[in-house]
Number of protein chains: 2
Amino acid sequence: MSSAIDPDLLIGADMFGQLDTDARTAVLAAGTVRPLAQGRLIFSQGDPGVTCHSLLKGRVKIVQARPDGAQSVIRFIGPGEMYGTVAALMDRPFPADAVTVVDSLEVYWPVGVMRQLMGRYPEIAMGSAASAGTRLFELQDRVGELAGEKVEQRIARALTRLMRQAGRRTPQGIEIDFPITRQELAEMAGSTLHTVSRTLAAWDDRGVTSSSRRHIVVCKPHVLLELADPA
Amino acid sequence: MSSAIDPDLLIGADMFGQLDTDARTAVLAAGTVRPLAQGRLIFSQGDPGVTCHSLLKGRVKIVQARPDGAQSVIRFIGPGEMYGTVAALMDRPFPADAVTVVDSLEVYWPVGVMRQLMGRYPEIAMGSAASAGTRLFELQDRVGELAGEKVEQRIARALTRLMRQAGRRTPQGIEIDFPITRQELAEMAGSTLHTVSRTLAAWDDRGVTSSSRRHIVVCKPHVLLELADPA
DNA sequence: CGCGATATTGACAACGCTCAACTCACGTGG
DNA sequence: CCACGTGAGTTGAGCGTTGTCAATATCGCG
């Protein structure tokens, strides 16, 4: 009996949190839940967007491949967040890859089913629109940042974003709660793993961060914030 | 009698083009039409977003000020496009300034009125959502571009975007149909007016473009596209 | 134990920003 | 009609930041 999926897994989700238990159960039942091993490609840039996804557990990165072979990490997805939804609802190809960075659990729905669910539970449609708007603004900010700022500042911004999104309080400071490589941080900040390595080493020396293999703890968040946004 | 505004001005608008003439007339009547002199600030970053705007004639730029004083041009608006809408519908402050770059004519609606119009004419709401989705994807692409590419390539991309958006066919090539400074192009590409000046000079030498004061013609669009996106 | 993935570190080169001086076009007002 | 001022653009020199190349070190897993 693998069918006993806990509908409460959706409680934390932006888009389903406001639904009552019955509704959440129905929403979950309409989709397919599946575990995904680390490193698994969920959908690819260019694939027709025919499914909407929501992450229940784990962490997923949305990555855009550039023609020259380099990659950009557009965003990281945590539990409760949706992805692929905008492309699917617009009948467009997915604009980027989705890859799990740790073992994860997701639900997905064919877009037709999701449209029905949105019709039945308007909260979902509202939430979806709101979240798209929020992302629009975030991306505008990022465009501004990437356009003019120096590398250290961009890396600091990337890290602060990760802190807010995936930070866990520990005695040593705020820890990024999933494994992340310098390469990935570089792909977020628009830099190279070399520069990221040097920058983190410098911050470690100053006690701002404490980083090791695929693992980062921000010991002095206020200093990092200052680096990200010099008043 | 300044009230005789031609409802056909809305025909070209993404969001109102599908409405019949009566509907367009009603939509126009519900808003306020006003001329705006060049250089006029329409709304400011941080202002409460209480109005939705649509450009009838002219050209508007959306500019984000960065803390260090530098600016980023997020996008240019042409006739038929809306701006300020997402912020207003989300009850958020405007995330950037809107400034006219030539003498223009706009309509604007208080957001409450726009909500009513969307209720009455769902096409408007649909169009609005679709356009937000499109912009989301465009911004994702820009993030990818700004992150890794060299300056010449970013300038080429900015120019190609302008070509598509504001290009007019002429015997000499495709002309950007509104006055644009090197400074503004630099703010689009995330560079400086100096580098843009040098780059344009080089392109002019090669016959790719023909630029003069606040005026650019792309003589060899295919070459520019190749510069923007080396296969 | 060995291999692949990850990270570190140094040397070097260059891209493009900063600073600075100058030119040119245009509109304004005397 | 010309003088002037301002905004826009050009061009050169210098240098810092950061990417590139290369070699080495570690970690973790099979």
Side-chain angles (χ1 to χ4, degrees), chain A residues 37-39 61 66 68-73 99 101-103 145-159 176 178-205 209-217 227 230, chain B residues 37-39 61 66 68-73 99 101-103 145-159 176 178-205 209-217 227 230:
Chain A
Q38 194 230 67
K61 63 175 173 179
R66 296 214 311 279
D68 66 358
Q71 293 194 320
S72 280
V73 174
V99 181
V101 293
V102 294
D103 292 343
E145 295 161 11
L146 286 169
E149 293 168 359
K150 295 250 182 290
V151 168
E152 182 181 32
Q153 200 174 344
R154 300 206 305 265
I155 298 173
R157 282 199 192 274
L159 236 195
I176 307 303
F178 65 94
I180 181 167
T181 65
R182 321 274 140 146
Q183 177 71 43
E184 286 166 335
L185 199 48
E187 285 167 0
M188 289 183 74
S191 177
T192 63
L193 79 160
H194 306 278
T195 302
V196 169
S197 178
R198 285 181 235 269
T199 305
L200 277 180
W203 289 347
D204 280 6
D205 286 348
T209 56
S210 168
S211 63
S212 54
R213 189 189 185 79
R214 316 231 292 164
H215 185 239
I216 301 175
V217 180
L227 285 167
Chain B
Q38 194 229 69
K61 62 176 174 179
R66 295 214 312 277
D68 65 358
Q71 293 194 320
S72 281
V73 174
V99 181
V101 294
V102 295
D103 292 343
E145 295 161 11
L146 286 169
E149 294 168 359
K150 295 250 182 292
V151 168
E152 183 182 31
Q153 199 175 344
R154 300 207 303 266
I155 298 173
R157 282 201 192 273
L159 236 196
I176 307 303
F178 64 94
I180 182 167
T181 65
R182 323 273 140 146
Q183 176 72 41
E184 285 166 336
L185 200 46
E187 285 167 1
M188 290 182 75
S191 177
T192 63
L193 79 159
H194 307 279
T195 300
V196 169
S197 177
R198 285 181 236 269
T199 304
L200 276 180
W203 290 347
D204 281 6
D205 286 347
T209 55
S210 168
S211 64
S212 55
R213 189 191 183 78
R214 316 230 291 165
H215 185 241
I216 303 177
V217 180
L227 285 167

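Here is how names work: the chains are called A, B, and so on, in the same order as the sequence lines, proteins then strands, and each is numbered from 1. When reading the values below, keep in mind they use all heavy atoms of this one structure, side chains included, and skip hydrogens, waters and symmetry mates. Keep in mind that what you see is a predicted model, and the values were worked out from it rather than measured.
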Donor-acceptor under 3.5 Å (B:R154 side chain, B:E149 main chain) | yes
Please give the angle, rounded to 10 degrees, between the axes at the start and the end of the helix from C:dC1-D:dG30 to C:dG30-D:dC1, where five pairs define each axis.
-> 30°
Between C:dC15 atom P and B:R154 atom CZ, what is the distance in whole Å?
-> 14 Å
Residue-phosphate contact under 4.0 Å: B:R182 side-chain N/O, D:dA8 OP1/OP2 | no
Report yes if at least one side-chain N or O of B:T181 is closer than 4.0 Å to OP1 or OP2 of D:dA8; otherwise report no.
-> no
So do B:I216 and B:I180 actually touch side chain to side chain, heavy atoms under 4.5 Å?
-> yes
Integer-rounded Å distance: D:dA8 C1' and B:L193 CG | 9 Å
Would you indicate, yes or no, if C:dT8 has its OP1 or OP2 atom less than 4.0 angstrom from a side-chain nitrogen or oxygen of A:S197?
-> yes
Between C:dG16 atom C1' and B:E152 atom CD, what is the distance in whole Å?
-> 12 Å
Measure from the side-chain N and O atoms of A:R182 to the backbone N and O of A:L193, and report whether any donor-acceptor pair falls under 3.5 Å.
-> no
Would you tell me if any nitrogen or oxygen in the side chain of A:S191 comes within less than 4.0 Å of OP1 or OP2 on D:dG19?
-> yes
Classify the side chain of B:R198 and the base of D:dG12 as holding, or not holding, a donor-acceptor pair under 3.5 Å.
-> yes
Roughly, in whole Å, what's the span from CZ in B:R214 to C1' in D:dT10?
-> 17 Å
Nearest-angstrom distance from the residue atom CD of B:E187 to P of C:dC17 | 13 Å
Would you indicate whether the side-chain heavy atoms of A:F178 and A:I176 approach each other to under 4.5 Å?
-> yes
DNA chain D: B:V196 or A:R213, which has the more 5' nearest nucleotide?
-> B:V196
Take A:K150 and A:Q183, find for each the nucleotide of DNA chain C with the closest heavy atom, and name the residue whose nucleotide sits nearer the 5' end.
-> A:Q183
Roughly, in whole Å, what's the span from NE2 in B:H215 to C1' in D:dG9?
-> 16 Å
Over how many whole Å does the gap from A:L146 atom CG to D:dT18 atom P extend?
-> 13 Å
Separation of A:E149 atom CD from D:dT17 atom P, in whole Å?
-> 16 Å
Side chain of A:H194, base of D:dT18: donor and acceptor closer than 3.5 Å?
-> no
